Amino acid sequence: MNQSAPEGLHGRTSFPYKGRKVRSSDTKEALVAARRPDSGGVEGPVITLLANHFVVKFDPSLKIYHYNVEISPSPSKEVARMIKQKLVENNSGLLSGAHPAYDGRKNIYSPVEFQNDKLEFFISLPIPTTKSGLPFGELNCFPQKQNQLKVFRINIRHVSKFDGKDLRSYLSKEGDDWIPLPQDYLHALDVVLREGPMEKCIPVGRSFYSSSMGGTKEIGGGAIGWRGFFQSLRPTQQGLALNVDFSISAFHESIGVILYLQKRLDFLRDLSQRKTRSLSDEERKEVEKALRNIRVFVCHRETVQRYRVHGLTEEATENLYFPDRGGKNLRLVDYFKDHYNYDIQFRNLPCLQISRSKPCYLPMELCMICEGQKFLGKLSDDQTARILKMGCQRPKERKAIIDGIMRGPVGPTSGNQAEEFKLQVSREMTRLNGRILQPPKLKLGEGGHIRDITPSRRDRQWNLLDSHVFQGTRIERWALISFGGTPDQKSNIPKFINQLSQRCEQLGIFLNKSTIVSPQFESTQVLSNVYLLESKLKKIHRAASNNLQLLICLMEKKHKGYADLKRIAETSVGVVSQCCLYPNLGKLSSQFLANLALKINAKVGGCTVALYNSLPSQIPRLLRLDEPVIFMGADVTHPHPLDDFSPSVAAVVGSMNWPAANKYVSRMRSQTHRQEIIQDLAAMVGELLDDFYQEVNKLPKRIIFFRDGVSETQFYKVLKEELQAVKEACARFPGYKPPITFAVVQKRHHTRLFPFEIDPSSMQNQPFDENIPPGTVVDTVITHPKEFDFYLCSHWGVKGTSRPTHYHVLWDENHFTSDELQKLVYNLCYTFVRCTKPVSLVPPAYYAHLAAYRGRLYLERSESIACMRSSPTISRPAPPKATPLPTLSENIKKLMFYC
């Protein structure tokens, strides 16, 4: 690390992402992501691994010509691709015989120059036009219309040309350290490698899906899981690499609309048996919500036309009329009988409205859902479980699938584009060395027989047999409320209280064997009535003289009233709550009771474990016992994809003790819909620094900030705005300028690491379908060519294939070495309060995620009411001002109630 440069900064004027220049007016000094401080860490034994990165060799001298494409009238993505194909077939001479790559929108890249800088073409395709006067989608039913062609004008204009020499310099070790990533050339190569799959698959984000990949499965509710693959071109230490991973996504099932509604909506399950059924206003809204924006085709006549559902008719089908060309009113039901000899069955259902502006009707029973449409709604718990199961392969199987994709007929190398642009894509995964960090020794409570432990099992779990939690609490005043439950289930409550109290005692936690007020029994319906629920909770609180440390809530099953319960308890009443489901009380295992006890203990102010060798003793060059450090985590949670107006919720947490650093206080705020940057960060960090000062009697000497949920395209914006906000928060304390380390934490990436098998035949006793061990760290070969990032798998993958967490340090005024930061993060992963094993995500980021989720719960009920009022359209209006979150009650503000 260049110590002579200003702290955390190396006087450079550009940032490597997106090749953007930073104007000097933007910041006092140009921001640049932290450089890697060394050539990688050295601690821990070496492990040989394979990564799903495939080396891409390119010819740096090859010039790529970039052209802008304008097509009018504006086509859909599918039609745009058809136009491009026909254009290349028919105009080889003008395009100099090139097979250019097209991004599906406005950019074409060619390995040779076209004949002219500006070209104009007219392409006609057999696409039915919508000029017919018939008002219900009968747009292609007359013989003279069958072969009608639609003409498109295509204007192509030369924009620029570039070669790969800058990219070669950027990737080489010898290259100038300050040149920005040549994004234009990288983007062009990315488009080239996506061309083959784009022609054969359905693109969704950076992934491709095809029913031809096999393994499709119904996941219920009218949705089907499709197999696919993710691909992304990345600059790495070994050069350009294509990151390819197996993926699964939910699509709408291609079935009749009536059958689809039967599967999708519970209240229409018996629709085919009740053909005379009509819809109430409430049901009509639900049906409209389920079908809006879905594309359908008709099955009562031959046509290639596809229609998008804009809504439902107000009237039932049997009451619909439309004017024919002569202005005479025709009844829709009669029209179908006369023209197609078809009797409409579901006459009391509305029709689909397939035009935004004029009345165009299609009877539901004659429509089929088009194949290959991504399911955009929120998946139910059952659907989510099924889709996760589809994507849950053990390492050996996942590796085989990825290898198959690379050699398969629809994969990244399936087209001829790579040869055109002189690209060579390896079919072999990258072999590399990782290291296995050693687990820390842990300190447990003084009252137990075993007071310290080093997790030595392969999965690095430890148990609390014969030992106490590091800090157990005394819970004298608590109450229990039950919602629903059979008489049998309720009769288990005394046994449950007794066993939970005993298990707490074994763990060094005191839970009074008697509740402060007798258990309250309510029906499940109370959870559906927010006002009644609030009065019941307040009544219990009053009965306990407004002094209650804990409220245990037993529920018959998961219920959306859970959101209201948490909000009322934490903002209106001021009590920490722990919910349990009755089915779990029937099988009171020691493990279940221990997990419950750990959560309760953490929520009321205790903690599970501490590091035996404090962080200062492990990283003595930087950390000292008398110089406290704060660890902060931040995350933003967004509403689900179809929600056009709900606020996003940001949360920031900060550690409040040193050197244990295992208790975190949270701050949550709602903010503008889908805003990724945390708007109120300076205020939230300022409040946490205040809290820290009250607890430790000092401001932290250093700030280590972990930011979750940021994509690479947002790195620069987040660094520029959020680092400034943290500095602003510090500036509120006179003369306070602590060194800050700002790292982004990513779980949503597609790098997978597999153990390398040498020769399975020589090692019969070794199971080869195992995940990489906890503590596996990789900071060479597949990481960034210049910046400070690493992959750390801190947990043991029980199901599927482990996903290592990617830590990318954007700013480092503390000048960590690779070994120091990796050890720090891995050690912290053992201090998570809810379990006795290392977790996959550094706890400050994990807690921020939990706190943001809790904030989302606070808004959930008011949102669903707003949902009913709102009618989302395709053109999204500006999102409304965010509803503020309710204020947390003072007596739980400093507790880890969100864990």
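Owing to the predicted nature of the structure, the values given are computational and were not obtained by experimental measurement. Index from 1, following the sequence.
Proximity of a side-chain donor or acceptor of Asn601 to a complementary backbone N or O of Thr473 within less than 3.5 Å is detected. Under the 3.5 Å distance criterion, the side-chain polar atoms of Thr454 are left unmatched by any main-chain donor or acceptor of Ser456. No side-chain donor-acceptor contact under 3.5 Å links Arg451 to the backbone of Gly445. A donor-acceptor contact shorter than 3.5 Å links the side chain of Trp658 to the backbone of Leu625. For the pair Thr801 (side chain) and Gln393 (backbone), a donor-acceptor distance under 3.5 Å is present. Put simply, the side chain of Glu570 never gets that close to the backbone of Ile892: no donor and acceptor are under 3.5 Å apart.
Looking at heavy atoms from C-beta onward, Val609 lies out of side-chain contact with Asn662 at the 4.5 angstrom threshold. A 4.5 Å side-chain heavy-atom check between Cys553 and Leu565 finds at least one atom pair inside the cut-off. Side chains of Cys607 and Gln471 form a contact here, defined as non-hydrogen atoms less than 4.5 Å apart. Between Leu792 and Thr776, the closest side-chain pair of non-hydrogen atoms is not below 4.5 Å. With contacts defined as side-chain heavy-atom distances shorter than 4.5 Å, the pair Leu611/Thr831 qualifies. Put simply, the side chain of Gln618 reaches to within 4.5 Å of the side chain of Lys823, judged on heavy atoms. With a 4.5 Å cut-off on side-chain heavy atoms, Val629 and Leu623 count as touching. Between Val710 and Gln746 there is no side-chain heavy-atom pair separated by less than 4.5 Å.
Side chain to side chain, Tyr582 and Ser482 meet the donor-acceptor criterion of an N or O pair below 3.5 Å. Tyr791 and Thr751 form a side-chain donor-acceptor contact under 3.5 Å, judged by distance and modelled atom types alone. Checking Ser577 against Lys566 by side-chain atom types alone, a donor-acceptor pair falls below 3.5 Å. Donor-acceptor pairing under 3.5 Å is recorded for the side chains of Asn891 and Ser889. Lys894 and Gln694 form a side-chain donor-acceptor contact under 3.5 Å, judged by distance and modelled atom types alone. There is a side-chain donor-acceptor pair under 3.5 Å between Gln822 and Arg435. Side chain to side chain, Asn595 and Gln591 meet the donor-acceptor criterion of an N or O pair below 3.5 Å.
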Practice task
Go through the steps for Gln506 and Arg503 under the test side-chain hydrogen bond (donor to acceptor under 3.5 Å, both in side chains), then give the verdict.
Solution key: CA-CA 5 Å; Gln506 290 161 7; Arg503 193 72 186 93; 2.8 Å; yes

Exercise for the section: For the pair Asp708 and His849, evaluate side-chain hydrogen bond (donor to acceptor under 3.5 Å, both in side chains) and give the outcome as yes or no after the intermediate values. Expected result: CA-CA 8 Å; Asp708 196 2; His849 177 77; 4.6 Å; no

Practice task
Show your reasoning for whether salt bridge (Lys or Arg N to Asp or Glu O under 4.0 Å) applies to Glu534 and Lys538.
Solution key: CA-CA 6 Å; Glu534 184 158 0; Lys538 284 186 169 170; 3.1 Å; yes

Problem - Derivation of the salt bridge (Lys or Arg N to Asp or Glu O under 4.0 Å) call for Arg458 and Glu770 - result: CA-CA 11 Å; Arg458 263 194 14 265; Glu770 288 224 333; 2.6 Å; yes

Problem - Audit row: Arg669, Glu687, salt bridge (Lys or Arg N to Asp or Glu O under 4.0 Å) steps and yes/no - result: CA-CA 13 Å; Arg669 300 276 197 283; Glu687 289 175 29; 2.7 Å; yes

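Within 6.0 Å of NZ on Lys539 lie no more than 12 heavy atoms contributed by other residues, nucleotides or ligands. No more than 12 heavy atoms of other residues, nucleotides or ligands lie within 6.0 Å of NZ in Lys389, so this atom counts as exposed by the packing criterion. Counting heavy atoms of neighbouring residues, nucleotides and ligands inside a 6.0 Å radius, atom NZ of Lys701 does not exceed 12 of them. In this structure, Glu556 places its CD atom where more than 12 heavy-atom neighbours from other residues, nucleotides or ligands lie under 6.0 Å away. Open room surrounds OH on Tyr693; 12 or fewer heavy atoms of other groups in view lie less than 6.0 Å from it. The neighbour count for Phe592 CZ, taken as heavy atoms of other residues, nucleotides or ligands under 6.0 Å away, is above 12. Counted within 6.0 Å of CZ on Arg624, heavy atoms from surrounding residues, nucleotides or ligands total 12 or fewer; the atom is thus considered open.
Evaluation of the ring pair (Phe, Tyr, Trp, His ring centres under 6.0 Å) rule for Phe692 yields no partner, not counting sequence neighbours. In terms of the side-chain contact (heavy atoms from CB on, under 4.5 Å) criterion, residue partners of Ser518 (sequence neighbours excluded) are, by chain and number, Gln520.
Of all the heavy atoms in Leu859 and Ser670, the pair that sits closest is CD1-CB, 4.2 Å. Leu622 approaches Asn814 most closely through the heavy-atom pair CD2-O, 3.2 Å.
Centroid-to-centroid, the aromatic rings of His806 and Phe790 stay 6.0 Å apart or farther. Ring pair Phe706/Phe742: centre-to-centre distance not below 6.0 Å.
Here the options are Tyr853, Phe897, Phe631, Tyr664, the test is ring pair (Phe, Tyr, Trp, His ring centres under 6.0 Å), and the partner is Tyr847; only Tyr664 passes. When each of Ile704, Val685, Val653 is tested with Met632 by the rule side chain to side chain contact (heavy atoms under 4.5 Å, CB included), just one qualifies, namely Val685.
Judged by the 6.0 Å distance and 45° axis criteria, Arg474 is positioned over the aromatic ring of Phe510.
Between Lys893 and Glu890 there is a salt bridge, with a side-chain nitrogen of the basic residue lying less than 4.0 Å from a carboxylate oxygen of the acidic one.
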